[in-house]
S.K.: 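Could you have a look at this structure, given as C-alpha cells, before my questions?
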Amino acid sequence: MKPLWSYMQHLNQQFRSKIILSFFIVISLTAFIMGYSYYRIMSNELEASTLQGLEKLTEQTIDTLNLHFKTIGNTGYSYFSDTSLQKFLDAEEPDFEIQQYYRNKLASQKIQNPLISFIAITDLKGEQISSYYYYNDGVRKLLDKEQEGLYEKALFLDGVPLWHVSYTTISTTVVPVKTISYIQLLKRITMNAQHPIGYIKIDIDPRVLEKIFLAMQNDDGSSSYIIDKTGTIVYSRNEGEIGASIAGTPLFDSYKSARASNQYVDFRFQDRDDRTNIGFYHNLGFADYVVIGSVPLDRILQKVDTFRNTLIVIAAISFLIAMLLGSLIAAGVTRPLKELNKKMKLVEMGDFQAFIQVKGNDELSTIQHSFNKMTSEISTLISKVYETELLKKEAEIKALQSQINPHFLYNTLSTIDSISSIHGDERISYICMALGKMLRYNLNGGSIATIKEEMDHLNQYLSIYKIRFPEKFHFEIMTDDQIESLILPKFLIQPLVENAIIHGLEQKVGYKFVRVTLMSLDEHSLQIIIEDNGVGMEPAMIELFHRKLSDPHDIMTRQISSSRTMIGMANVFKRIQMYYGSDPQVTIDSKPGAGTRIYFVLPKQTAGGGSVESVNRG
C-alpha cells in the first residue's frame, strides 16, 4: 500500500506542478504580448497625439498672427485713405489744430489697440506726428537714423504696404527693442494725379509676439521663429537672434525639402549635435513670412519612455503577485467555474436556455446540476406567466366589446326595415338603418377604429335617441378634420355618452343637451370632452371615482360595475389602461342640477400603431 500511495502522491504533485507551471507560462506570455502590444500602440498614439497638438498649436499661432497683422494693416490703410490727412500733409504750412487733432488720434489709437506699441506719421520734411514723443536723445537719434531708410523702402514700393524689422519701445521706456513694423507710403490722391506726401509706421508691441510664441518654445531645446524667404530671422523670443540668418542650417535645409513636398509638420533632421529633431513650418499671409521651428525628438518620446518604464514596473509586480497566487490554486477547479460563470452571464443577459454539460460527480458538479435546474424552472415559469397574461388581456378586451350576438340582431333589424318600408314609416326605417350600421361597425372585427369611424358610430347612436325625444333632446359632435385618420379603441366614447343620457338626462325634466368634443391638445395628445346639462353627480360620487381611478389595480379587479352610474366610465378607462398601458388623465366636473363634464387626454396614434411623435421623428 505504501508504494501505491507514494505513487499517487507523486502523480498529484506532478499534476499540480504542471498546472502551476502552465499558469505561469500563460500569464507570462499573455502579459508580455499584451504589454508589448499596448506599449507599441500607446507609443504610436502618444507620438501622433503630440505631433497633432504641435500642428494644431502652429495653426492657431498662424491664425492669431494673421489676425494681428490684418488688424495693423487695416489701421494703416485707414490713414492711407484719409483725405483730410492727405490735405494736411500736402499743405505748405501745417495747421496747428489739425496737427494736434491727429496727434491726439494717434495717441488714442495706441491706447485703445493693445497690438500697437508706437504709431507715427512722417511728412516729406521729416516732421513727425506720433503717439508719444521720445525725449531721450539716444532713442531719438536711433529712430531718426532708421527713419531715412524706411522712407526709401516705402517710396520704392509706391504705396504697397511693407513689413519690416525696426526699433520700438514698450510704453514710455527708453530701452529700444526690435519688433515687426508696418510701413506704408502716404500719397495725395486727386482726380488727375497722385504724389508722395509722407509715410506711416506702426510698430507691433513685441510683448504680443512674445506671448504668442511663449506656448511654442520651452526650455527643452525647442525653437521657433518668424523668417523671411531668405532665411533671415524677423522675430525670435531671443532678441539677439533677430536679423541673423538660419540659411544653411539643418533646420532651413530640411524646411526647403519639406516645402517642396508640401509637408508642413513632422519633417525630421539631424542637428549639428547629431540629435534628431521634428521640424514644422507654416506660411503667414503677409510679407512672405514663414513661422518655422523645431522640437527635439527625445522631448516627444519622453512621455513614451516614462510610460514604458511604468509598464515594466507594473508588469514585474503583477508577475510576482501571479506567482504567489498561482501556488495557492488547486488543480481542476478553474474550468468548471469558468463554465459556470459564462452560463450565469448568459442568464444575466436574459438567455434562460443556457445549459451546462455536467462532467464528474464532485461538489462543482452538484452546483452545475442546480444551475441547470434553476434555469429550466425560470424559463418554464416565464413562459407560463407570459402566456397567461396574454390570454387574460385578450379575454378581458373581448369580454368588454362582445356583449351580445350582433349577427342575430343585424338580421332581425333587416327584417324590421323591410316591413317598415312596406307600411311607409320612415322613422322605423331610419332607426333600423342606423342600428344596422352600428352593428356592422361591431361586426367589422378588430379592437381599434379611426376617429371618423368612431364619430360616425356615435352619431348613429345619438340620432336614434333624438327620434325618441325630437323636441326635448339635442346633441353636438365637434371634431377636427386633421385628426379623423388617427386611431383609438372601438366603443371608447359611446359608453360615456350613454352613461350621460341614462343617468344624467333621462332623469331631467325639460330641455336635454349633450356635446362631444374631440380636438388636438398639442402635437402628441388628444383631448376628449363629454358635456351634458343633466342632473349632475354628488361630490361624494365624484370623489369615490377619482379615488378608484388613482389605483390602477382597483379599476382592473374590483366590482365597480355595482354602481350603475360608474359602469360606463369604468368600462372605458379600464380599456384605456389595457390598450395604452398607462393610467388615463381624467377630470370630472359636476354639480347636482347643473350637469356633468368629463375631460380626459389620450396619446395620438396612427394607423400603423406608432405614436404621432415617433412618426414625426421618422
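Numbering starts at 1 and runs along the sequence shown.
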S.K.: A side-chain contact here means heavy atoms from C-beta on lying under 4.5 Å apart; do Leu488 and Gln605 qualify?
M.R.: no
S.K.: Would a 4.5 Å heavy-atom cut-off, applied to side chains only, mark Pro592 and Glu538 as touching?
M.R.: yes
S.K.: Quick test of your reading: applying salt bridge (Lys or Arg N to Asp or Glu O under 4.0 Å), list the pairs with at least one residue in residues 525-535, sequence neighbours left out, ordered by first then second residue.
M.R.: Arg515-Glu531, Glu531-Arg597
S.K.: Nearest 0.5 angstrom please: Asp522 CG to Lys604 NZ, how far?
M.R.: 7.0 Å
S.K.: Rounded to the nearest 0.5 Å, what's the gap from OG on Ser485 to CD on Glu453? Could you check?
M.R.: 11.0 Å
S.K.: Quick one: closest heavy-atom pair of Met537 and Ser590, and the distance?
M.R.: N-OG, 2.7 Å
S.K.: I'd like to know whether Asn499 forms a side-chain contact (heavy atoms from CB on, under 4.5 Å) with Ile530, so could you lay out the CA-CA distance, the side-chain angles of the two residues, the decisive distance to 0.1 Å, and finally the verdict.
M.R.: CA-CA 10 Å; Asn499 187 80; Ile530 296 96; over 6 Å; no
S.K.: For Lys466, enumerate each residue passing the side-chain contact (heavy atoms from CB on, under 4.5 Å) test, keeping only those at least two apart in sequence or located in another chain.
M.R.: Phe473, His474, Phe475
S.K.: Once salt bridge (Lys or Arg N to Asp or Glu O under 4.0 Å) is applied, what residue pairs with a partner in residues 59-76 remain, sequence neighbours excluded?
M.R.: none
S.K.: Determine whether Gln109 and Thr75 satisfy the following criterion, side-chain contact (heavy atoms from CB on, under 4.5 Å), listing intermediate values before the conclusion.
M.R.: CA-CA 9 Å; Gln109 189 99 47; Thr75 302; 3.7 Å; yes
S.K.: Ile204 pairs by side-chain contact (heavy atoms from CB on, under 4.5 Å) with which of Leu209, Leu65, Thr71?
M.R.: Leu209
S.K.: Going from CG on Leu496 to CD1 on Ile528, what distance comes out if it is rounded to the nearest 0.5 angstrom?
M.R.: 8.5 Å
S.K.: When rounded to the nearest 0.5 angstrom, what is the spacing between CG in Leu518 and OG1 in Thr479?
M.R.: 7.0 Å
S.K.: What is the minimum heavy-atom distance between His282 and Thr58, and which atoms define it?
M.R.: CB-CG2, 4.0 Å
S.K.: Sequence neighbours excluded, which residues qualify as ring-ring contact (aromatic ring centres under 6.0 Å, His included) partners of Phe600?
M.R.: Phe573
S.K.: Who pairs with Lys56 by side-chain contact (heavy atoms from CB on, under 4.5 Å), at least two apart in sequence or on another chain?
M.R.: Gln60
S.K.: Would you check if Thr596 and Ile542 make a side-chain contact, meaning some heavy-atom pair closer than 4.5 Å?
M.R.: no
S.K.: So Tyr79 and Lys105, side-chain contact (heavy atoms from CB on, under 4.5 Å) or not? Walk me through it.
M.R.: CA-CA 11 Å; Tyr79 289 98; Lys105 182 176 181 180; 3.7 Å; yes
S.K.: State the CE-CD1 distance between Met478 and Ile529, to the nearest 0.5 angstrom.
M.R.: 9.0 Å
S.K.: Compare all side-chain heavy atoms of Tyr599 with those of Gln527 and state whether any distance is below 4.5 angstrom.
M.R.: yes
S.K.: Specify the closest pair of heavy atoms between Ile483 and Ser520, including all atoms of both residues, with the distance to one decimal.
M.R.: CG2-OG, 3.2 Å
S.K.: Can you sort out the partners of Lys452 under salt bridge (Lys or Arg N to Asp or Glu O under 4.0 Å), two or more places apart, ordered by chain and number?
M.R.: Asp456
S.K.: Checking side-chain contact (heavy atoms from CB on, under 4.5 Å) for the pair Ile62/Asn283: CA distance, chi angles, key distance, verdict?
M.R.: CA-CA 8 Å; Ile62 294 299; Asn283 298 324; over 6 Å; no
S.K.: Under a 3.5 Å distance rule, please check whether Glu454 uses its side chain to pair with a backbone N or O of Ala449 as donor and acceptor.
M.R.: no
S.K.: Rounded to the nearest 0.5 Å, how far does CD1 of Ile451 lie from CG of Leu458?
M.R.: 12.5 Å
S.K.: Looking at Tyr511, I'd like to know if its OH atom is crowded, meaning that more than 12 non-hydrogen atoms belonging to other residues, nucleotides or ligands lie closer than 6.0 Å.
M.R.: yes
S.K.: Looking only at heavy atoms, which two atoms of Asp82 and Ser84 are closest? And how far apart?
M.R.: OD1-N, 3.0 Å
S.K.: How far apart are the closest heavy atoms of Val601 and Ser525, and which atoms are they?
M.R.: CG1-CB, 3.7 Å
